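Following this message is one structure expressed as structure tokens.
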Amino acid sequence: MGGAALSGALWLWLLWAGGEAGGGCSGRCCQGRDVACVGEGWQARAGYGTCYCDAACRRAGDCCGDHGQACPALPCLVGEWSHWSGCAEQCQPHLRIRRRYVQQEPQNGGEPCPALEEKAACLDYLTYKGEDCGHEHVPAFIVTSEYGKGRTQPAASSPWPSDREAGYCVEFRTESLSHYCALETRPYARWMQYLREGHTVCVACQSPAMKRDTHRCSGDGHNADGEKILHWEAVGNSQCQGTWKKIRQLEHCSCPLVHSFIFT
């Protein structure tokens with residue numbers, strides 16, 4: 001290598017080292033977008049000069065060369081979901097909520113936080129005093145089976161016999177449904193979009209929704225023949241409702257997830 005080339009390479013290295021030592025992002029990382037959060041050094045696209053150390057520089061492509069080391073991106077970290085709350089109202093279709101909390105805020109352009117709250121439709125058949133109010137509802141109130149995982153199970157002193165608590169499944173063929181079901185976009189109600197006329201659906205009857213005296217769920221079509229028109233309503237949207245005919249009662253449900261529901 002000639003003397004001139006060696007001198008030029010040495011000059012570039014000294015310029016880079018001086019820029020990194022005297023500028024760059026060391027000790028000056030900023031959150032969000034901050035045009036005053038500047039340094040002097042090398043950046044990938046524009047060579048040597050003014051560069052930035054705020055979180056927005058990653059998207060703009062004008063970070064200082066040492067930004068990744070001096071300001072590492074840290075994603076948002078959240079805790080586990082809480083237990084589902086009880087229904088907001090007694091003995092009528094309403095909502096329950098669960099939450100999780102931020103354990104670490106995102107830094108330096110790290111992944112943002114996911115949803116911190118989820119809502120689910122619900123209907124409790126017991127008042128806060130423990131009184132049964134299930135007889136007030138004639139249609140079958142349904143919600144996606146996904147929400148069955150978080151249901152409150154009966155206490156050990158429950159009057160339901162243990163062999164009944166496992167519940168049962170009823171297959172229906174949907175005959176009609178309102179167009180409001182297909183219009184649902186709210187996160188906790190999107191399952192309504194999968195309801196279709198003519199499809200076979202499975203609806204599980206679990207102990208929280210069973211009547212104490214009959215150990216059955218309201219609207220399950222007990223003693224109804226296959227030609228009787230029965231009514232159902234989606235909890236979370238009273239305008240999403242329709243009719244179906246009972247096919248049979250089974251011990252366990254076996255429908256696809258999008259066609260699986262629970263009495264509530």
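Since we're looking at a predicted model, the values are computed, not measured. For reference, positions follow the sequence shown, starting with 1.
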How close do T264 and A209 get, heavy atom to heavy atom, and via which atoms?
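Looking at all heavy atoms of both residues, the shortest contact is CA-CB, 4.2 Å.
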So W191 and V143, do their side chains get closer than 4.5 Å, heavy atoms only?
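Of all side-chain heavy-atom pairs linking W191 with V143, at least one is under 4.5 Å.
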Could you tell me whether the side chain of T214 and the main chain of R216 form a donor-acceptor pair under 3.5 Å?
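Flag set: sc T214 to bb R216 pair under 3.5 Å.
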Can you tell me how far apart CZ (R196) and SG (C181) are? Round to the nearest 0.5 Å.
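With rounding to 0.5 Å, CZ (R196) is 10.0 Å from SG (C181).
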I262 reachable from I247 in the ILVMFWY side-chain graph, under 4.5 Å edges
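They do not share one cluster, since no chain of ILVMFWY contacts under 4.5 Å joins I247 to I262.
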I need the minimum non-hydrogen distance between C255 and V201, along with the two atoms involved.
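Nearest pair, atom of C255 first, then V201: SG-C, 3.7 Å.
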Can you tell me how far the CZ atom of R100 sits from the CG atom of L77, to the nearest 0.5 Å?
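CG of L77 is found 11.5 Å from CZ of R100.
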Between R190 and E184, is there a side-chain N and carboxylate O pair less than 4.0 Å apart?
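Result for this pair is no, no salt bridge flagged.
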Would you indicate whether C76 and C113 have their SG atoms under 2.5 Å apart?
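With an SG-SG separation under 2.5 Å, C76 and C113 do form a disulfide.
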Atom CD of residue position E197 - does it have more than 12 heavy atoms of other residues, nucleotides or ligands inside 6.0 Å?
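More than 12 heavy atoms, drawn from other residues, nucleotides or ligands, come within 6.0 Å of this atom.
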Using distance only, find each side-chain donor-acceptor pair of residues 49-61 under 3.5 Å and give its atom names and separation, not counting sequence neighbours.
from	atom 1	to	atom 2	distance (Å)
D54	OD1	C57	N	3.4
D54	OD2	D34	N	2.8
R58	NE	N108	O	2.8
R58	NH2	C71	O	3.0

Indicate, with yes or no, if V78 and W84 share a hydrophobic cluster defined by side-chain heavy-atom contacts under 4.5 Å among Ile, Leu, Val, Met, Phe, Trp and Tyr.
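The answer is no; the residues belong to distinct hydrophobic clusters.
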To check you understand the geometry: which heavy-atom pair defines the closest contact between L95 and Y188, and what is its length?
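In terms of heavy atoms, the two residues are closest at CD2-CE1, 3.4 Å.
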Are any non-hydrogen side-chain atoms of Q193 and T185 less than 4.5 angstrom apart?
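Q193 reaches T185 side chain to side chain.
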Apply side-chain contact (heavy atoms from CB on, under 4.5 Å) to Y101 and S82, showing your working.
CA-CA 9 Å; Y101 297 92; S82 67; 5.7 Å; no
Using 0.5 Å steps for rounding, measure from the CZ atom of R173 to the NE2 atom of H199.
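The distance works out to 12.0 Å.
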Begin with the C-alpha distance, continue with both residues' side-chain angles, and end with the deciding distance and a verdict on side-chain contact (heavy atoms from CB on, under 4.5 Å) for Q104 and L74.
CA-CA 9 Å; Q104 173 183 283; L74 299 177; 3.6 Å; yes
Would you call the rings of W232 and W244 parallel, tilted or perpendicular, taking 30° and 60° as the class edges?
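Taking W244 first and then W232, their aromatic rings sit tilted (interplane angle of 30° to 60°).
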What's the spacing between H215 NE2 and S207 OG if we round to 0.5 Å?
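If I round to the nearest 0.5 Å, the distance is 11.0 Å.
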For residues R186 and N237, determine if any side-chain heavy atom of one lies less than 4.5 Å from a side-chain heavy atom of the other.
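Yes, side chains in contact.
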Can you tell me how far apart NE2 (H231) and CZ (F141) are? Round to the nearest 0.5 Å.
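One finds 12.5 Å between NE2 of H231 and CZ of F141.
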Using a 4.5 Å cut-off on heavy atoms from C-beta on, say whether the side chain of Q31 contacts that of Q107.
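Yes; the side chains approach each other to less than 4.5 Å.
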Quick one: OG on S178 to CE on M192, what's the gap to the nearest 0.5 Å?
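One finds 9.5 Å between OG of S178 and CE of M192.
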More than 12 heavy atoms from other groups under 6.0 Å of CD on E80
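Not more than 12 within 6.0 Å, no.
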Pair F172, V203 - check side-chain contact (heavy atoms from CB on, under 4.5 Å), show working.
CA-CA 8 Å; F172 296 96; V203 189; 3.8 Å; yes
Checking S238 now: which residues fulfil side-chain hydrogen bond (donor to acceptor under 3.5 Å, both in side chains) with it, not counting sequence neighbours?
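Partners of S238 under the side-chain hydrogen bond (donor to acceptor under 3.5 Å, both in side chains) test: none.
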Take C63 and C25 through the test disulfide bond (SG atoms under 2.5 Å apart) and record every step on the way to the result.
CA-CA 9 Å; C63 297; C25 291; over 6 Å; no
In the single-linkage hydrophobic clustering (I, L, V, M, F, W, Y; side-chain heavy atoms under 4.5 Å), do V235 and Y180 co-cluster?
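Each belongs to a different hydrophobic cluster.
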Side-chain (S218) to main-chain (A140) donor-acceptor, under 3.5 angstrom
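No, S218 side chain to A140 backbone: no donor-acceptor pair under 3.5 Å.
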What heavy-atom pair brings V170 and D220 nearest, and what distance separates the two atoms?
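Reported closest heavy-atom pair: CG1-O, 3.8 Å.
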Compare all side-chain heavy atoms of L195 with those of C240 and state whether any distance is below 4.5 angstrom.
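A side-chain contact exists here, since the closest heavy-atom pair is under 4.5 Å.
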Do you know which two heavy atoms are closest between I97 and K119, and how far apart they sit?
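Closest approach of I97 to K119: CG1-CG, 4.1 Å.
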Determine whether a donor-acceptor pair (N or O, by modelled atom type, separation under 3.5 Å) exists between the side chain of T174 and the backbone of G198.
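Yes: the side chain of T174 pairs with the backbone of G198.
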In sequence, state the C-alpha distance, the side-chain angles, and the governing distance for K228 and K246, and then conclude on side-chain contact (heavy atoms from CB on, under 4.5 Å).
CA-CA 8 Å; K228 184 173 182 179; K246 181 180 177 180; over 6 Å; no
Take C202 and C169 through the test disulfide bond (SG atoms under 2.5 Å apart) and record every step on the way to the result.
CA-CA 7 Å; C202 292; C169 180; 4.2 Å; no
If every non-hydrogen atom of F261 is compared with every non-hydrogen atom of T144, which pair is closest and at what distance?
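Minimum heavy-atom separation between F261 and T144: CD2-CA, 4.0 Å.
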